[in-house]
Amino acid sequence: MLYNGRPIDLTPEEEEIATMFAVMKDTDYATKPVFVKNFWEDWKKVLGPKHVIQKLELCDFTPIFDWHAAEKEKKKQMSAEEKKQLKEEKAKAEERYAWVLIDGVGNFRVEPPGLFRGRGEHPKMGKLKRRIFPEDIVLNIGKEAPVPECPLPGHKWKEVRHDNTVTWLAFWNDPINVKEFKYVFLHQSSSLKGKSDEEKYDKARKLTSKIDSIRESYTKDFKEKDVEARQIAVATYLIDRLALRAGNEKDDDEADTVGCCSLKVEHVSLSPPNSLEFDFLGKDSIRYQNSVVVNEEVYDAIHDFKKGKKEGVDLFDRLDTSKLNAHLKKYMQGLTAKVFRTYNASYTLETQLKETLGATLNEKTAEYSRANKEVAILCNHQRTVSKGHSAQMERLEAKIAELKTLREELATDLGKVKKGKPPVHSTAKRPPTAEQLEKKLAQTDARIAKMTLDLSVKEDLKTVALGTSKINYMDPRITVAWCKRHEIPIEKVFNKSLLAKFAWAMNVEPNFRFCEADGGADEDP
DNA sequence: CGTATGGACTCAGAAACGTACTC
DNA sequence: CGAGTACGTTTCTGAGTCCATAC
């Protein structure tokens, strides 16, 4: 790289960190002052006080950036076979780390060093995430099991534990937040993971038989004189009807985001006569923006909770997640705020999914996506619009316009031919018959219809992420049963990973109903 | 009892990667 | 048939939830 216009030599360690920064030149992070400041502070520590480099502004990282771009290009230019071989070699070398006795391991690689990339306006963005060594790693293995050999010669594990009350296989302290841990867990397809997944959905399903009385109960409490009880009632309402998250307290060194209990007064505004306008940053700094017509008592309660409070003050000042969850436990064993999200997501999927007998396979899978979309909207699962979205839309529109012109030409020609006149638009030596033209016309109509539908679906889903709800919120048994009833191959809706993750749900009866809480619902709390 | 902290797990979107489709 | 692209899948790791325990 260049410093003050002149080439400069760095030690490998210094250069490694410079490279982390250099490659981010064209990203959003590079333009954020906090990111640049945090990076510079950490890099400076490595450079030391007497280093030639004293000012970040005088650094020119372009040579490193160009080198990296060239490396990337080289990799891209490799033939398919070379790539495949490289991948196989890597997989072979790693295979011994990817399994434990009973199942596969999810994340068996340690996180490599890099610059921390928080979501949203994270105060720690740009900080150096240091390299992890065996000395950082705590292993959890059977008492009699041989201790895995440390792969780095001359190093040793931090600790070896034998704790069979937890599922983690190893952990290390997160270098950015040393009080937090990074765990190595079993793979999603593991039967252990499947078991707890099934329990999660069973618990949510159990809500079916309780939900009416819970709603009745909190509705009654909207009028409570006791402020805490009233806040609990309104918060439960929001969590239930809007699928809000619980909203734990957050530290100042984290991104400023909220959930239900941590909503500030400015996040909800009143819009007469009875609408609430929500606007806040939730998990991952995803914006939640919604206008909801609520019942009068909720409207009045929010009005009261806001009264006399300045910006930045908690809307639910008498509440936190533990109080709320403690209250929910009175309704049902194990009931917490997040159970409502699972319940309402699964409920929505089941009620949205129409019994589309007689439809084509494509129509059926489209119906599934439509229901999936409703769930994603409920849970506010968003994605950023892809870079080329508008260009892609324009291309599709142009294509449709082209087909429409063709359609008109075919229609005129058909008219001519039917009257025994020569076609105007056909350039073929032998003029097409009326029959041929009719067939082509029908084909063109079908293509126009399909493309128009594709276009609207694409536009519709440009900011909606369907995957998260499918993986985490919708009881897979609803999907499996629906597919069985409609003779849809399950592979049409679940990919390989989901098939493995939901193995426990595959032999459900076709008449399974999430909302008919027969299975286990009557257990006493 | 309430509150703070530690700990372990689920949930989250972006980026990287692979593949099928289109022209 | 080859290149370019669009789209689905996998990987990555950050960001939540919630429980247990200590004071």
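Values below: every heavy atom of this structure, side chains too, minus hydrogens, waters and symmetry copies. Letters A, B, ... are given to chains in the order of the sequence lines, protein chains preceding strands, and every chain is numbered from 1.
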Engineer: Which heavy-atom pair separates A:Leu466 from A:Ser369 by the least distance, and what is that distance?
Structural biologist: CD1-O, 4.4 Å
Engineer: Please report the distance, rounded to the nearest Å, between CG in A:Asn107 and P in B:dC9.
Structural biologist: 13 Å
Engineer: Quick one: which of C:dT17, B:dC9, B:dT10 gets closest to the side chain of A:Ala246?
Structural biologist: C:dT17
Engineer: What contact category does A:Glu180 fall into here, base, sugar-phosphate, or nothing, at under 4.0 angstrom with non-hydrogen atoms?
Structural biologist: nothing
Engineer: Respond yes when some side-chain nitrogen or oxygen of A:Asn472 is under 4.0 Å from OP1 or OP2 of B:dT10, and no when none is.
Structural biologist: no
Engineer: With respect to the phosphate group of C:dC7, does any side-chain polar atom (N or O) of A:Lys458 fall under 4.0 Å of OP1 or OP2?
Structural biologist: yes
Engineer: Has A:Ser196 got a side-chain N or O lying under 4.0 Å from the OP1 or OP2 atom of B:dC9?
Structural biologist: no
Engineer: Is there a side-chain contact between A:Tyr473 and the phosphate of B:dA12, meaning an N or O under 4.0 Å from OP1 or OP2?
Structural biologist: yes
Engineer: Under 30°, 30 to 60°, or over 60°: which ring-plane class applies to A:Trp482 and A:Tyr368, parallel, tilted or perpendicular?
Structural biologist: tilted
Engineer: Looking at C:dC12, I'd like to know if its phosphate oxygens (OP1 or OP2) sit under 4.0 Å from a side-chain N or O belonging to A:Lys182.
Structural biologist: no
Engineer: Describe the nucleic acid contact of A:Ile471 in one word from base, sugar-phosphate, nothing, applying a heavy-atom distance below 4.0 Å.
Structural biologist: nothing
Engineer: Go through the steps for A:Asp279 and A:Arg287 under the test salt bridge (charged side-chain N to carboxylate O under 4.0 Å, His left out), then give the verdict.
Structural biologist: CA-CA 7 Å; A:Asp279 194 350; A:Arg287 190 174 179 188; 2.7 Å; yes
Engineer: Among the candidates B:dA14, C:dA15, C:dG16, find the nucleotide nearest to the side-chain atoms of A:Thr384.
Structural biologist: B:dA14
Engineer: When you match A:Gly259 and A:Asn495 each to their closest nucleotide on DNA chain C, which lands nearer the 5' end?
Structural biologist: A:Asn495
Engineer: Would you classify A:Ser386 as touching base, sugar-phosphate or nothing, given that sugar-phosphate means primed atoms plus P, OP1 and OP2, and contacts are heavy atoms under 4.0 Å?
Structural biologist: nothing
Engineer: When you check the phosphate oxygens OP1 and OP2 of B:dA16, does a side-chain N or O of A:Lys75 lie under 4.0 Å from one of them?
Structural biologist: no
Engineer: A:Phe108 and A:Tyr97: aromatic ring centres closer than 6.0 Å?
Structural biologist: no
Engineer: Are A:Lys179 and B:dG6 close enough that a side-chain N or O sits under 4.0 Å from OP1 or OP2?
Structural biologist: yes
Engineer: Stepwise, does the salt bridge (charged side-chain N to carboxylate O under 4.0 Å, His left out) test hold for A:Asp136 with A:Lys158?
Structural biologist: CA-CA 6 Å; A:Asp136 295 306; A:Lys158 181 178 181 180; over 6 Å; no
Engineer: C:dT17 C1' sits how many Å from A:Lys283 NZ, rounded?
Structural biologist: 8 Å
Engineer: Check every strand shown and say whether A:Thr167 touches a base, only sugar-phosphate, or nothing at a heavy-atom separation below 4.0 Å.
Structural biologist: sugar-phosphate
Engineer: Could you tell me how far apart A:Glu228 (CD) and B:dC1 (P) are, to the nearest whole angstrom?
Structural biologist: 14 Å
Engineer: Toward the 5' end of DNA chain B, which comes first, A:Arg383 or A:Phe185, by nearest nucleotide?
Structural biologist: A:Phe185
Engineer: Rounded to the Å, how far apart are A:Leu499 CG and C:dT9 C1'?
Structural biologist: 13 Å
Engineer: Please determine whether a side-chain nitrogen or oxygen atom of A:Asn248 lies at a distance below 4.0 Å from atom OP1 or OP2 of C:dT17.
Structural biologist: yes
Engineer: Would you indicate, yes or no, if C:dT11 has its OP1 or OP2 atom less than 4.0 angstrom from a side-chain nitrogen or oxygen of A:Arg109?
Structural biologist: no
Engineer: Quick one: is A:Ser322 getting a side-chain N or O under 4.0 Å of the B:dT3 phosphate, OP1 or OP2?
Structural biologist: no
Engineer: Any base atoms under 4.0 Å from A:Ala255, or only sugar-phosphate, or nothing? Heavy atoms, all strands.
Structural biologist: nothing
Engineer: In whole angstroms, how far is the P atom of C:dT17 from the CG atom of A:Leu335?
Structural biologist: 15 Å
Engineer: Hey, which of these two, A:Thr336 or A:Leu115, hits DNA chain C nearer its 5' end, going by closest nucleotide?
Structural biologist: A:Leu115
Engineer: Just to be sure I understand the rule, does A:Gly247 reach a base, reach only the sugar-phosphate, or reach nothing, if contact means heavy atoms closer than 4.0 Å?
Structural biologist: sugar-phosphate
Engineer: Can you see if the side chain of A:Arg341 gets near the phosphate of C:dC18 - specifically, an N or O under 4.0 Å from OP1 or OP2?
Structural biologist: no
Engineer: Check every atom of B:dT10, B:dA8, C:dG14 against the side chain of A:Tyr183 and return the nucleotide holding the closest atom.
Structural biologist: B:dA8
Engineer: What heavy-atom pair brings A:Lys309 and A:Val313 nearest, and what distance separates the two atoms?
Structural biologist: CD-CG1, 3.6 Å
Engineer: Can you measure A:Ile239 atom CD1 to C:dT17 atom C1' for me and round it to whole angstrom units?
Structural biologist: 11 Å
Engineer: OP1, OP2 of C:dG16 versus side-chain N and O of A:Lys250: anything below 4.0 Å?
Structural biologist: yes
Engineer: Remember a base hit wins even if backbone is also touched, and classify A:Lys329 as base, sugar-phosphate or nothing at under 4.0 Å, heavy atoms.
Structural biologist: sugar-phosphate
Engineer: Below the 4.0 Å mark, does C:dT5 have OP1 or OP2 next to a side-chain nitrogen or oxygen of A:Arg395?
Structural biologist: no
Engineer: Reckon A:Gln392 touches a base, only the sugar-phosphate, or nothing at all at heavy-atom distances under 4.0 Å?
Structural biologist: sugar-phosphate
Engineer: Any strand is fair game: report the nucleotide pairing with B:dC21 by Watson-Crick or G-U wobble, both distances under 3.5 Å, or none.
Structural biologist: C:dG4
Engineer: Donor-acceptor pair under 3.5 Å: do we get one between A:Lys338's side chain and the base of C:dC18?
Structural biologist: no
Engineer: Distance check needed: C:dT5 P versus A:Lys387 NZ, whole Å only.
Structural biologist: 11 Å
Engineer: Is a donor on one side and an acceptor on the other found under 3.5 Å between the side chain of A:Lys470 and the backbone of A:Asn372?
Structural biologist: no
Engineer: Rounded off to whole Å, could you give me the CG-to-P distance for the A:Leu403 and B:dC23 pair?
Structural biologist: 10 Å
Engineer: Can you work out whether A:Arg117 or A:Lys87 has the more 5'-proximal nearest nucleotide on DNA chain B?
Structural biologist: A:Arg117
Engineer: Taking only side-chain nitrogens and oxygens of A:His381, does any of them come within less than 4.0 Å of OP1 or OP2 of B:dA12?
Structural biologist: yes
Engineer: Hey, which of A:Phe65, A:Trp40, A:Phe39 is the one that makes ring-ring contact (aromatic ring centres under 6.0 Å, His included) with A:Phe21?
Structural biologist: A:Phe39
